[in-house]
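To keep things clear, I will list the structure first and then write my remarks on it.
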There are 2 protein chains.
Amino acid sequence: MTTPMLTKNQTLVFDVLTKAESPLSAYTILDKLRDQGFRAPLQVYRALDKLLEYGVVHRLESINSFVACAHPDENCHSHGLVAFAICESCGQVIEFHDHEVDHRLMDWLKSQKFKAEKSTIEIRGHCAKCAA
Amino acid sequence: MTTPMLTKNQTLVFDVLTKAESPLSAYTILDKLRDQGFRAPLQVYRALDKLLEYGVVHRLESINSFVACAHPDENCHSHGLVAFAICESCGQVIEFHDHEVDHRLMDWLKSQKFKAEKSTIEIRGHCAKCAA
DNA sequence: TCGCACACGTTATAGCATAACGCAATTGAT
DNA sequence: ATCAATTGCGTTATGCTATAACGTGTGCGA
Ligand SMILES: [Zn+2]
Ligand SMILES: [Zn+2]
Ligand SMILES: [Zn+2]
Ligand SMILES: [Zn+2]
């Protein structure tokens, strides 16, 4: 997916996520953008929908939050799965890709004739710094 | 985790999930149990918390729903990750385990000194029957 | 000019989850 | 026997997450 020009709201939301050090919930984003004129959740959700569609933002299902893509320039997303390690102490997220995991999962799905469309791989725990 | 005797509410919730053909949301479970005296969401959530703790029920993060474990007798859960293929047409869920995927993910996490505690692997798409 | 697509704003509502209180039964130590 | 701690339960209220439904304005090609 080639990313078209972002609209004003999309840019605001994307910038907030890019500057954040941890994933943010839609409502947290809303609060951060009230000074820029945001008033309602839909303004955030509509922007997020587009950013997700363009692949420049990921949704973390297990914590109802959103992060900017950590590898916006690689085209891994088009042919591979994305995985996340989420620290429950500091909130830091590491986004990673592993083709071996991809292929293994895809093979299994293929063996079941299951047509995959979206995937979620999220590991929660404690990062090196917080586990000490 | 050895599963202790279930309480009345836990049994009711577990039975509903066991009989269901698809994952159920907590509020759907609540509705199904109103005739048995359930009145409030907390009655469901408290039972679910215990059932999740005992490992006899899984939570599907990507669809805010719950399913009975499909392999209650295997002890895979103690040493392996659990994955789900979720059909977005018929709602059917296939629970599966793949040690190769486990090891690969665990190795990566180890290389990052990340201490994993909970994992979520969910693939959404269309099952063989619905993809036709 | 008309029709359409798209972004946007606003209000209201739906859906998911937990806080906080109090009561009752159980257990296990003193 | 008594007390304290634990656990489950019921209820009310609240908070967080997400979408429905309506209307506006703008740009653009037929
Ligand atoms: Zn990414
Ligand atoms: Zn951390
Ligand atoms: Zn299971
Ligand atoms: Zn299906």
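Here the structure is a predicted model, which is why all the values come from computation and not from measurement. Here is how names work: the chains are called A, B, and so on, in the same order as the sequence lines, proteins then strands, and each is numbered from 1.
- If you take CG of Asp49(B) and C1' of dA17(C), they are 10 Å apart, rounded to a whole angstrom.
- Side-chain atoms of Val82(A) and His97(A), non-hydrogen and from C-beta on, do get closer than 4.5 Å to each other.
- In this model, no side-chain donor or acceptor of Tyr27(B) finds a partner on the base of dA14(C) within 3.5 Å.
- Counting 5' to 3', DNA chain D first comes under 4.0 angstrom of a heavy atom of chain B and last does so at the ends given by dG8(D) to dT12(D).
- Taking CZ of Phe114(A) as the reference point, atom CD of Gln92(B) lies at 8.5 Å (rounded to 0.5 Å).
- You'll find the side chain of Asp98(A) stays beyond 4.5 Å of the side chain of Leu105(B), heavy atoms only.
- When the side-chain nitrogen and oxygen atoms of Asn64(B) are compared with OP1 and OP2 of dA17(C), one or more of them lie within a distance under 4.0 Å.
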Taking only distance into account, with no hydrogens and no angle test, what donor-acceptor pairs under 3.5 Å do side-chain atoms of residues 34-45 of chain A form with protein atoms, sequence neighbours excluded?
{"from": "Arg34(A)", "atom 1": "NE", "to": "Asp31(A)", "atom 2": "OD1", "distance (Å)": "3.2"}
{"from": "Gln43(A)", "atom 1": "OE1", "to": "Arg39(A)", "atom 2": "N", "distance (Å)": "2.6"}
{"from": "Gln43(A)", "atom 1": "OE1", "to": "Ala40(A)", "atom 2": "N", "distance (Å)": "2.8"}

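- Residue pairs that meet the salt bridge (Lys or Arg N to Asp or Glu O under 4.0 Å) test with at least one member in residues 109-131 of chain A, sequence neighbours left out, are Arg124(A)-Glu61(B).
- Listed by chain and residue number, nothing satisfies the salt bridge (Lys or Arg N to Asp or Glu O under 4.0 Å) test with Lys32(A) (two or more places apart in sequence, or in another chain).
- Leu109(B) is connected to Val101(A) through a chain of hydrophobic side-chain contacts under 4.5 Å among Ile, Leu, Val, Met, Phe, Trp and Tyr, so both are in one cluster.
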Under 3.5 Å, N/O pairs linking protein and nucleotides 6-9 of chain C:
{"from": "dC8(C)", "atom 1": "OP1", "to": "Thr7(A)", "atom 2": "OG1", "distance (Å)": "2.8"}
{"from": "dC8(C)", "atom 1": "OP1", "to": "Asn9(A)", "atom 2": "N", "distance (Å)": "3.3"}
{"from": "dC8(C)", "atom 1": "OP2", "to": "Thr7(A)", "atom 2": "OG1", "distance (Å)": "3.4"}
{"from": "dG9(C)", "atom 1": "OP2", "to": "Asn9(A)", "atom 2": "ND2", "distance (Å)": "2.8"}
{"from": "dG9(C)", "atom 1": "OP2", "to": "Gln43(A)", "atom 2": "NE2", "distance (Å)": "2.6"}
{"from": "dG9(C)", "atom 1": "N7", "to": "Arg46(A)", "atom 2": "NH2", "distance (Å)": "2.3"}
{"from": "dG9(C)", "atom 1": "O6", "to": "Arg46(A)", "atom 2": "NH1", "distance (Å)": "3.3"}
{"from": "dG9(C)", "atom 1": "O6", "to": "Arg46(A)", "atom 2": "NH2", "distance (Å)": "3.3"}

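- With sequence neighbours excluded, the residues satisfying side chain to side chain contact (heavy atoms under 4.5 Å, CB included) with Ala47(A) are Gln10(A), Val13(A).
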